[in-house]
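Have a look at the structure below, then the notes.
Letters A, B, ... are given to chains in the order of the sequence lines, protein chains preceding strands, and every chain is numbered from 1. Heavy-atom basis, side chains included; hydrogens, waters and symmetry copies ignored.
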Amino acid sequence: GQSLEQPSEVTAVEGAIVQINCTYQTSGFYGLSWYQQHDGGAPTFLSYNALDGLEETGRFSSFLSRSDSYGYLLLQELQMKDSASYFCAVKSGGSYIPTFGRGTSLIVHP
Amino acid sequence: DGGITQSPKYLFRKEGQNVTLSCEQNLNHDAMYWYRQDPGQGLRLIYYSQIVNDFQKGDIAEGYSVSREKKESFPLTVTSAQKNPTAFYLCASTPNSGNTIYFGEGSWLTVV
């Protein structure tokens, strides 16, 4: 089977940097994605890593280490609007079915 | 604009009743999914379909049914056999070769 582990909650202050970790166990790994979901809304795509290394998109960066089955999402210059849940998801196996972690609630304080 | 449309946004159902949630996409995506999300929880896969007239059970399919008669449509029926149906339901789609999952705005189902 597949499983993903991420912290349930992370808190930080405005302007700070925060890292949300994700470890996974799966077979036939293809890639790791990150999604943001505000309360009551739909998840929206943030990033995708298929190869080792860091991908940067504005204030958000995502890292993957395939050998460690580990990735993280890095959020810089935190803003209040970044308060949301963040989910990691893996694509694996021959069916390409995405599996999601339980999500990390990020709370940004002024 | 292209996207995924779910309806209704809010639905109340009496115990023992079946209810159908609509999901339509105009993205020309091959694969469609239904996820269930409970408060403070992750997304759990109910059913998925990678091609018209074919669908597969996900991790929590019991008490649910789907159909995929058209590429654009993937309705979910929550049957009376689903013991705890109150939840937020998300429909999603992907192109078979793509890495981004596109979600609808979700449907809130409450059993009263």
Given that the side chain runs from C-beta out, which part of B/Leu43 has a heavy atom under 4.5 Å from chain A: side chain, backbone, both or neither?
-> both
Would you say the side-chain atoms of B/Tyr33 pair up with the backbone N or O of A/Pro98, donor to acceptor, closer than 3.5 Å?
-> no
B/Tyr35 versus chain A, the contacting section by heavy-atom distance below 4.5 Å = side chain
Under 4.5 Å from a heavy atom of chain B, the part of A/Gln37 involved | side chain
Crowded around B/Lys14 NZ? As in, over 12 foreign heavy atoms under 6.0 Å?
-> no
Does the side-chain contact (heavy atoms from CB on, under 4.5 Å) test come out yes or no for A/Lys91 and B/Thr94, once each step is laid out?
-> CA-CA 12 Å; A/Lys91 282 181 62 175; B/Thr94 61; over 6 Å; no
Okay, A/Ser33 and chain B: the region with an atom under 4.5 Å from a heavy atom over there is side chain
Would you indicate whether A/Arg102, at its atom CZ, is surrounded by more than 12 heavy atoms from other residues, nucleotides or ligands within a distance under 6.0 Å?
-> no
Are A/Phe60 and A/Tyr72 connected, step by step, through hydrophobic side chains (Ile, Leu, Val, Met, Phe, Trp, Tyr) whose heavy atoms are closer than 4.5 Å?
-> no
Flag yes if A/Leu54 and A/Trp34 sit in one hydrophobic cluster, no otherwise; membership is Ile, Leu, Val, Met, Phe, Trp, Tyr, and two members link when side-chain heavy atoms are under 4.5 Å apart.
-> no
Given the rule that I, L, V, M, F, W and Y join up when any side-chain heavy atoms are under 4.5 Å apart, are A/Leu73 and A/Leu78 in one cluster?
-> yes
Are there more than 12 heavy atoms of other residues, nucleotides or ligands under 6.0 Å from atom CG of A/Asp39?
-> no
Would you mind checking which part of B/Ile101 comes under 4.5 Å of any heavy atom in chain A, side chain (CB onward), backbone (N, CA, C, O), both or neither?
-> both
Would you name the heavy atoms of B/Leu90 and A/Pro43 that are closest together and state the gap between them?
-> CD1-CD, 3.8 Å
Going from CG on B/Asn99 to CG on A/Asn49, what distance comes out if it is rounded to the nearest 0.5 angstrom?
-> 10.5 Å
At what distance, to the nearest 0.5 angstrom, does CZ of A/Phe45 lie from OH of B/Tyr102?
-> 8.0 Å
Is it the case that more than 12 heavy atoms not belonging to B/Ile51 sit under 6.0 Å from its CD1 atom?
-> no
Would you say B/Glu62 has more than 12 foreign heavy atoms packed within less than 6.0 Å of its CD?
-> no
Sort out for me which of B/Gln41, B/Gln56, B/Glu105 touches chain A most, counting heavy-atom pairs under 4.5 Å.
-> B/Gln41
What do you reckon, is CD of A/Glu5 surrounded by more than 12 foreign heavy atoms closer than 6.0 Å?
-> no
Heavy atoms of A/Ala42 and B/Gly104 approach each other most closely as CB-O, 2.9 Å
CD-CZ distance between B/Gln37 and A/Phe100, expressed to the nearest 0.5 angstrom = 9.5 Å
